[in-house]
**Student:** 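Quick one: structure below, then a few questions.
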Amino acid sequence: MAVVPATAQTIRRAAQTLRDGGVVAFPTETVYGLAALALDAHAAARIFEIKERPSFDPLIVHVSDEDMLALVAREISPEARALMRRFWPGALTIVLPRADAVPGIVTAGLPTVAVRMPSHPVALALLRETGAPIAAPSANRFGGLTPTRAQHVEKMLGQRVECILDAGPTQLGVESTIVRLDPRPALLRPGAIAAEEIEAIVGPLERNVDERGAPLAPGRLAHHYAPATPLRVVASAGVPPAERHGSGYLAFQHAPQGYAAVRVLSPSGDLGDAAARLFDLLHELDALGLERIDAEPVPERGLGLAIMDRLRRAAA
Ligand code: TXA
Ligand code: MG
């Protein structure tokens with residue numbers, strides 16, 4: 001009984017599932033989303049696992065009020081404020097400087113976070129009831145069609161989510177429009193709000209940047225989260241001691257000898273744990289000013305596929 005009509009009672013239960021670190025599907029005015037706590041790296045990692053996303057594209061964080069916004073965004077420019085006043089709650093996602101509390105897996109290691117305040121009453125009620133920001137991509141399996149009805153979600157993900165809140169077909173049916181403001185206003189993803197409406201507030205938007213291919217496409221761009229330190233994907237067993245001295249090692253389960261610094265993704269070998277820690281540990285190693293980072297290959301199953309995709313891109 002994954003699909004349940006959205007009522008005060010089922011929304012309360014879904015919120016409890018989220019607070020316990022679980023994943024639920026819920027309606028927004030754009031599309032159905034797959035929700036998890038945005039400030040909990042493990043919960044957010046489950047979204048990637050359920051979607052079978054081959055890479056950690058950054059997720060959109062949903063908020064219901066100013067207090068939640070302040071938890072995820074460090075700074076809000078006057079231009080961003082003007083857009084919020086005009087379009088929130090609604091189908092506009094704004095890229096803002098991220099607060100430290102937002103885990104790397106949610107932003108794919110970017111210094112920014114994409115935020116929106118949805119207008120759907122069920123989405124808002126779920127946020128308020130949960131009392132915390134919610135990360136949510138569209139609730140489809142990777143490569144599948146965008147779900148605009150609870151039944152679409154059920155067909156693709158029904159066995160994998162604890163609950164799907166059904167509020168009928170979504171009003172907008174396409175994802176939110178995504179803009180950034182720094183260094184110049186730009187349209188990152190065309191969506192449910194027309195670019196012209198946004199330009200009426202902030203002036204001309206750069207448009208030759210989109211999420212699939214062009215310069216600003218996080219998650220599509222080979223290097224967007226690559227550390228400044230050169231990185232290669234290699235098991236320590238193949239690295240002679242002389243090459244270890246000045247280097248760091250990102251281990252999957254076990255710390256090897258001889259490296260200047262070592263971080264372990266998951267001592268118990270859990271790929272979900274490893275995914276949840278990947279970006280944060282890469283940041284830590286990158287900050288040490290090492291000659292190189294050697295990253296140990298992880299098994300390519302489950303979230304291991306996404307981890308390896310990210311490591312290979314970081315090494316590219
Ligand atoms: O309508 C929507 O936006 C739906 C509903 C559920 O709210 N959500 C949605 O999420 O479409 P998703 O995961 O498909 O969108 C993520 C996209 C990324 O592929 C990327 O293009 C952009 O949002 N994005 C996320 N964080 C970003 C960032 N920090 N900088 C630039 N773009 C970002
Ligand atoms: Mg999507």
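Counting convention: from 1, in listed order, for ligands and their atoms alike.
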**Student:** Taking the side chain as everything from C-beta on, heavy atoms only, tell me whether Val264 gets closer than 4.5 Å to Ser266.
**Tutor:** no
**Student:** Is ligand 1 under 4.0 Å from a heavy atom in the side chain of Val95, in the backbone, in both, or in neither?
**Tutor:** side chain
**Student:** Charged N to carboxylate O below 4.0 Å: is that the case for Arg46 and Glu162?
**Tutor:** yes
**Student:** Number the atoms of ligand 1 from 1 as they appear, then name those within less than 4.0 Å of a heavy atom of Ala136, with their elements.
**Tutor:** 6 (C), 8 (N), 10 (O)
**Student:** Between Glu175 (side chain) and Gly191 (backbone), is there a donor-acceptor pair under 3.5 Å?
**Tutor:** no
**Student:** Could you tell me if the side chain of Val115 sits less than 4.5 Å from the side chain of Trp88, heavy atoms only?
**Tutor:** yes
**Student:** Does the side chain of Pro230 reach to within under 4.5 Å of the side chain of Ile293, using non-hydrogen atoms?
**Tutor:** no
**Student:** With heavy atoms of Gly33 as the reference, note each atom of ligand 1 found under 4.0 Å away.
**Tutor:** 6 (C)
**Student:** Run down the list Ile60, Leu110, Thr93, Ile178 and name the one with the heavy atom closest to atom 22 (C) of ligand 1.
**Tutor:** Ile178
**Student:** Taking 4.0 Å as the limit for heavy-atom contacts, which would you say applies to Arg189 with ligand 1: side chain only, backbone only, both, or neither?
**Tutor:** side chain
**Student:** Tell me the contacting part of Thr107 for ligand 1: side chain, backbone, both, or neither, using a 4.0 Å heavy-atom threshold, strictly below.
**Tutor:** neither
**Student:** Considering only heavy atoms, does Arg180 approach ligand 1 within less than 4.0 Å through its side chain, its backbone, both, or neither?
**Tutor:** neither
**Student:** Which ligand 1 atoms are under 4.0 Å away from a heavy-atom of Thr112?
**Tutor:** 28 (C), 29 (N), 30 (N)
**Student:** Is a salt bridge present between Arg160 and Glu49, judged by a nitrogen-to-oxygen distance below 4.0 Å?
**Tutor:** no
**Student:** Of the non-hydrogen atoms in Pro147 and Val31, which two are nearest, and what is the gap between them?
**Tutor:** O-CB, 3.5 Å
**Student:** For Leu188, is the nearest heavy atom under 4.0 Å from an atom of ligand 1?
**Tutor:** yes
**Student:** Any nitrogen or oxygen of Thr28, main chain or side chain, under 3.5 Å from a nitrogen or oxygen of ligand 1?
**Tutor:** no
**Student:** What do you reckon, does Tyr32 have a nitrogen or oxygen under 3.5 Å from a nitrogen or oxygen of ligand 1?
**Tutor:** no
**Student:** List the atom of Met68, the atom of Ala132, and the distance in Å for their closest heavy-atom pair.
**Tutor:** CE-N, 3.5 Å
**Student:** Going by heavy atoms, is Arg98 under 4.0 Å from ligand 1?
**Tutor:** no
